[in-house]
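Heads up: the structure comes next, in structure tokens.
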Amino acid sequence: KIAFDFDAKLTTKINELKLKNNILIAVPGRPSISKGSSKLLEYLVEFLKQNPNSNFRFLLSRSLYELIKKNNSIKQYFFCPLDDSHKYYKQIIALSDVALFNYESKYYYFRHSGVILDCLSMKTAVICPNFPLLFNMVNYPVNVGLTFEKLNSLENILENNINNTWLNAINWERYFEDRDVKKIAKQIVSKV
């Protein structure tokens, strides 16, 4: 992982959670319609109510956390930085094991995501909708994430696919080697 100048309290909390074998899942960014933030949080609240022994912990921006903090039955699964300043954006991504997105198809079906690229550049696996460009971002040249068809199919992914064995098996070296800008430029020039 990449080192940043992080908030010490947040870093300590994350390290404590990881020592207890929790998997840290980030939901980066501010709430928006195009990112389906509210629907995703509603889904996660229901998932956690049905799976009270989950080892998932969710790291949210402050504005996303405000949407769920009053729900005492699942509040312990969610935490956030002290504020929504931009410096925590990279911290949230870099310290997480996985980043979770629920992009709306009318906005992202044929569009890539800069936030997903940020996650992958920091070796944070991604779970996102199965749209053409997003699928390619997490599956080429090697699998560095998972995609889902509908939000309700996310339960299967959370219950069966997200674990430390999968996270440790991701071949980040191959991913970065094949996506190296110099290598890609050389391939393009050789075809001209």
Side-chain angles (χ1 to χ4, degrees), residues 2 23-49 56-71 74 77-81 83-162 166-167 170 172 175-176 178-179 181 184:
I2 298 169
I23 294 177
L24 188 57
I25 300 176
V27 182
R30 299 178 193 275
S32 74
I33 293 170
S34 66
K35 292 180 182 174
S37 307
S38 294
K39 289 180 187 175
L40 179 58
L41 288 180
E42 288 171 16
Y43 173 81
L44 292 175
V45 166
E46 288 307 310
F47 173 81
L48 292 168
K49 284 179 180 177
F56 299 126
R57 297 298 179 268
F58 297 90
L59 180 54
L60 310 173
S61 64
R62 172 63 62 183
S63 49
L64 283 172
Y65 182 76
E66 294 296 324
L67 297 174
I68 58 91
K69 76 176 187 178
K70 294 177 182 162
N71 194 327
I74 51 85
Y77 293 97
F78 296 91
F79 62 103
C80 65
D83 62 44
D84 257 357
S85 66
H86 184 70
K87 71 179 180 178
Y88 293 114
Y89 166 78
K90 287 184 178 178
Q91 183 178 15
I92 287 171
I93 293 170
L95 293 175
S96 298
D97 299 306
V98 179
L100 177 58
F101 300 91
N102 182 39
Y103 291 124
E104 293 289 322
S105 64
K106 69 181 179 180
Y107 299 103
Y108 279 90
Y109 192 79
F110 291 113
R111 180 179 167 195
H112 80 286
S113 165
V115 180
I116 288 179
L117 287 175
D118 288 343
C119 292
L120 299 176
S121 73
M122 293 184 223
K123 297 184 179 180
T124 301
V126 170
I127 303 170
C128 63
N130 190 20
F131 304 152
L133 291 175
L134 301 181
F135 178 88
N136 185 270
M137 290 174 77
V138 301
N139 286 292
Y140 177 79
V142 295
N143 175 282
V144 291
L146 300 166
T147 58
F148 57 89
E149 293 297 328
K150 296 187 185 283
L151 192 55
N152 62 4
S153 63
L154 188 54
E155 181 175 3
N156 185 50
I157 290 173
L158 292 172
E159 289 178 349
N160 299 308
N161 299 100
I162 307 304
W166 173 71
L167 291 166
I170 294 175
W172 289 107
Y175 177 80
F176 289 116
D178 282 13
R179 286 197 171 240
V181 174
I184 294 168

(request) Would you check, one step at a time, whether the test ring pair (Phe, Tyr, Trp, His ring centres under 6.0 Å) holds for F58 with Y77? (result) CA-CA 6 Å; F58 297 90; Y77 293 97; 7.7 Å; no
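- Minimum heavy-atom separation, F78 to L44: CZ-CB, 4.1 Å.
- Ring geometry for F47 against Y43 counts as parallel: the plane angle stays under 30°, on a 0 to 90° scale with 60° as the upper cut.
- A pairwise comparison of heavy atoms in K39 and N102 identifies CB-ND2, 3.9 Å as the closest pair.
- Distance CD1/I92 to CG/D118: 12.5 Å, rounded to 0.5 Å.
- The two atoms that bring H112 and L133 nearest to each other are N-CD1, 3.7 Å, heavy atoms only.
- Of all heavy-atom pairs between L40 and L100, the closest is CD1-CD2, 3.8 Å.
- To the nearest 0.5 Å, atom OG of residue S153 and atom CG of residue L151 are 7.5 Å apart.
- For the atom pair CZ (F135) and SG (C128), the distance works out to 9.5 Å, reported to the nearest 0.5 Å.
- Contact record, I25 with S96: C-OG, 4.4 Å, taken as the closest heavy-atom pair.
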(request) Any chance you could lay out the side chain to side chain contact (heavy atoms under 4.5 Å, CB included) test for Y107 and Y103, step after step, and finish with the verdict? (result) CA-CA 7 Å; Y107 299 103; Y103 291 124; over 6 Å; no
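- Between L41 atom CG and L60 atom CG the span is 6.0 Å, to the nearest 0.5 Å.
- For the pair W172/V142, no side-chain contact is recorded, criterion being any heavy-atom separation below 4.5 Å from C-beta on.
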(message) Could you go through N143 and W166, starting from their C-alpha distance and side-chain angles, then the distance that decides it, and tell me whether this counts as side chain to side chain contact (heavy atoms under 4.5 Å, CB included)?
(response) CA-CA 10 Å; N143 175 282; W166 173 71; 3.7 Å; yes
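- Taken to the nearest 0.5 Å, the OG1 atom of T124 stands 7.0 Å off from the CD1 atom of I93.
- Scanning all heavy atoms of the two residues, the minimum distance from M137 to Y175 falls at O-OH, 3.7 Å.
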(message) Run the side chain to side chain contact (heavy atoms under 4.5 Å, CB included) test on T147 and L134 for me, step by step, so that the C-alpha distance in whole Å, both residues' side-chain angles and the decisive distance to 0.1 Å come before the verdict.
(response) CA-CA 8 Å; T147 58; L134 301 181; 5.6 Å; no
(request) Any chance you could lay out the side chain to side chain contact (heavy atoms under 4.5 Å, CB included) test for N130 and F148, step after step, and finish with the verdict? (result) CA-CA 5 Å; N130 190 20; F148 57 89; over 6 Å; no
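- For the pair P28 and F101, the minimum side-chain heavy-atom distance is below 4.5 Å.
- To the nearest 0.5 Å, atom CG of residue N160 and atom CG of residue L146 are 11.0 Å apart.
- Side-chain contact between I162 and I157 is present, with at least one heavy-atom pair separated by less than 4.5 Å.
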